[in-house]
Amino acid sequence: MKILLVEDEIDLLDEMEAYFKEQGHLCERAADFNQAEDKIILYSYDMVILDITLPGGTGLQLLEILKKKKGEEGILILSARDSLKDRLAGLDMGADDYLTKPFYMEELNARVNAIQRRKFYSGSAVVKSGTLEIHTQLKEVFCNGEKINLTKKEYELLLYFVVNKKRVVSKESIATHLWGDNYDMAASYDIIYTHTMNLRKKIIKASGDDYLETVYGMGYKWVEK
Amino acid sequence: MKLLVYTSRNFLISTIIVLSSTGTILYFVLKTLIENEMLEQLDLQADMIVNELAQGRYVNYPLVEIDKINRISETPKITGDTLVFDYVTKEHEDFKYLKVERKIGSQPYRIKVMIIYIGWHKYYQVIFFLLSIAAVLMALAGVLLNYVLSKKLWKPFFFNLKQLNSYTLSRPGRVHFEPSHIREFNELRYALEELTERSRREYLALKEFAENASHEMQTPLGIIQSKLDRMTQMVVDADMAGYIVQSKAAVERLRRTIKGLLFLAKLENDSYADKESVSVGYMLRSQFGQMEELFWGKNIMVDLRIEEAEIVVNRFLLETVVSNLLANALHYTPRDGRLNVVLHENEMIFINTGLPLTFPPELIFDRFKKGEQHSQSTGLGLAIVRQICMLNGWKINYSYSSGNHSFKIALQQEVLPGACPGTGKHCTEIC
């Protein structure tokens with residue numbers, strides 16, 4: 001996927017670029033309004049990740065240009081502003097999602113993937129990993145054509161691992177992804193552990209492969225066989 | 001003591017003192033004046049009799065006795081009191097008499113003249129009676145006047161006092177103080193208006209500062225977080241991994257604290273003015289549904305007793321209240337404890353088992369107030385809940401009894417469906 005990253009904070013930009021490249025995407029970057037404007041007008045992208053406050057203009061203005069162009073890009077707004085008003089303004093103007101800073105790269109990636117599935121596969125995408133097939137519309141998982149029965153949370157967890165494959169996914173980011181911000185950290189880590197172990201057992205039982213690695217106390221890593 | 005009682009009481013006491021002393025003075029003054037007058041009259045009468053006698057006329061007045069005597073005694077002039085039977089009223093009456101001995105020609109005479117006077121006890125009675133009436137009337141008039149005047153005069157004062165009592169800085173809008181035509185009250189009003197306005201301005205500035213500071217902190221925090229994230233992707237030894245994990249936990253806590261502070265700073269009426277009819281029961285169930293496993297994980301028994309209730313509210317704010325209270329219960333309910341959530345007739349109650357607070361219960365809604373054993377929480381959740389309740393005019397109550405923490409919210413609707421939202425009154429009592 002060709003992704004345009006619009007962000008004035010170079011450190012963050014580097015980080016995002018590295019992350020999406022690892023995930024096999026093609027990235028272009030713009031660090032201010034004018035660069036971004038030029039790129040948007042000249043080229044087309046599959047995905048645009050927009051910061052709202054930029055030197056020289058705002059992400060919302062860029063969003064307007066994108067909408068005028070009637071392109072097919074998926075648009076995700078990334079902003080430090082998280083009031084409902086800002087959120088609604090962005091979403092009303094046609095953004096596909098809105099993520100507030102600071103964020104987890106895994107979460108950003110999961111959201112980008114979700115937009116991708118919705119937009120380009122009309123939600124019916126099949127995400128594959130090894131012998132596993134995740135049917136995202138039915139929310140069902142198959143292994144060698146056989147269905148694996150997963151709970152809702154196990155399914156979400158699996159999808160999260162798979163779209164963030166080959167990377168250590170932290171427990172904090174999993175907790176935020178599954179329950180939002182109102183969780184008891186200590187409590188949710190235990191649950192994550194339980195869910196992850198259950199998921200692991202079910203997958204090993206169905207496929208004979210163990211895709212999940214535990215990385216010290218840091219989190220889990222999905223490794224494709 | 002109430003102002004009215006105090007002034008009335010003092011007024012009454014002073015009235016009684018003034019009236020009794022004037023009464024006493026009046027009595028003595030009257031007594032002296034009348035006595036002198038009567039003596040003068042008796043003198044005159046005696047003189048006239050002497051004149052008559054000197055001219056050789058026969059004198060026979062009632063109440064006059066004229067006796068010839070041998071010689072003039074040593075006390076030629078005696079005044080005194082006597083009783084005379086009054087056959088009209090059939091009783092003895094007080095009289096004053098004067099005995100004079102005079103020589104008319106060569107014959108000495110003793111002349112006794114008398115005059116009636118109303119007995120002193122009657123003066124007493126009359127004076128006492130009149131003054132008592134005056135005292136009662138004056139007291140009555142005073143109290144009445146005081147009361148009526150106070151009602152009118154002090155009305156702005158009491159109104160302003162009430163306003164001041166219910167005043168909280170975080171409440172949007174200016175406080176309205178009632179004007180008065182009493183100068184002192186008006187001065188007080190100006191002082192109050194200035195004071196509240198100044199503190200409100202300072203509060204707003206502080207809030208803006210908190211908001212800006214939080215914003216400014218978010219980006220660097222995001223960078224730290226992403227760099228730590230990058231480090232977790234590298235091959236590190238166990239020590240390093242430990243440091244990274246600890247740093248990440250600290251960043252996470254900071255992230256949530258900043259988020260909470262920002263939200264608190266932004267919790268104003270106009271930020272969340274969109275209201276709609278929301279089913280509280282549905283929201284409770286769905287919010288709980290999202291966190292269900294977390295409660296199971298701590299083996300907390302949860303009992304939801306939910307009746308249907310619809311209220312007009314900003315959906316996001318209600319969601320925040322519900323999820324914060326659930327999160328609070330999750331935090332503080334010990335393993336194997338229980339949580340009861342009750343919703344009925346616009347009342348939402350969260351009761352969870354747990355250890356008693358380590359601080360006074362009235363501080364529970366304060367920012368950054370949290371139990372000792374929970375350094376991980378931000379300590380902002382309940383402050384946010386209180387702020388939202390205040391915005392919506394809901395009363396929130398916390399109590400602890402026999403091992404149970406209980407949060408009770410009266411979801412009173414002050415804005416009726418269809419009425420103009422955003423004009424809702426504000427709750428004045430937060431317990």
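Below, chains carry the letters A, B, ... as their sequence lines are ordered, and counting in each starts from 1.
- Across B/Ile258, B/Val236, B/Asn328, B/Leu326, the residue that shares the most heavy-atom pairs under 4.5 angstrom with chain A is B/Val236.
- Heavy-atom pairs under 4.5 Å with chain B were tallied for A/Met16, A/Lys221, A/Glu22; the largest tally goes to A/Glu22.
- With sequence neighbours left out, the side-chain hydrogen bond (donor to acceptor under 3.5 Å, both in side chains) criterion links A/Asp97 to A/Arg111.
- Under a cut-off of 6.0 angstrom, the local environment of OH in B/Tyr282 is sparse, with at most 12 non-hydrogen atoms contributed by other residues, nucleotides or ligands.
- In the displayed structure, B/Glu216 atom CD is contacted under 6.0 Å by at most 12 heavy atoms of other residues, nucleotides or ligands.
- For B/Ile244, the part lying under 4.5 angstrom from a heavy atom of chain A is the side chain only.
- B/Glu293 pairs with exactly one of A/Ile191, A/Thr151, A/Thr194 by the side-chain contact (heavy atoms from CB on, under 4.5 Å) rule, that one being A/Ile191.
- Judged by distance alone, the side chain of A/Glu15 and the main-chain N or O of B/Lys227 form no donor-acceptor pair under 3.5 Å.
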Checklist entry - Under the side-chain contact (heavy atoms from CB on, under 4.5 Å) criterion, do B/Asp229 and A/Arg167 qualify, and how do the steps go? => result CA-CA 10 Å; B/Asp229 223 49; A/Arg167 281 186 51 98; 3.3 Å; yes
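- In this view, A/Glu7 and A/Lys101 satisfy the salt bridge (Lys or Arg N to Asp or Glu O under 4.0 Å) rule, not counting sequence neighbours.
- Heavy atoms from other residues, nucleotides or ligands lying under 6.0 Å from NZ of A/Lys201 number 12 at most.
- For B/Thr232, the parts lying near chain A are the backbone and the side chain together; criterion is any non-hydrogen pair under 4.5 Å.
- The backbone N or O of A/Phe103 lies less than 3.5 Å from a partner atom in the side chain of B/Gln225, making a donor-acceptor pair.
- Taking all atoms of both residues into account, the shortest heavy-atom contact from A/Thr176 to B/Glu252 is OG1-OE2, 4.4 Å.
- Between A/Pro102 and B/Gly222, the closest heavy-atom pair is CB-CA, 3.4 Å.
- Ranked by heavy-atom pairs under 4.5 Å with chain A, the list B/Lys248, B/Arg230, B/Arg335, B/Gln290 is led by B/Arg230.
- Within 6.0 Å of NZ in A/Lys2 there are more than 12 heavy atoms belonging to other residues, nucleotides or ligands.
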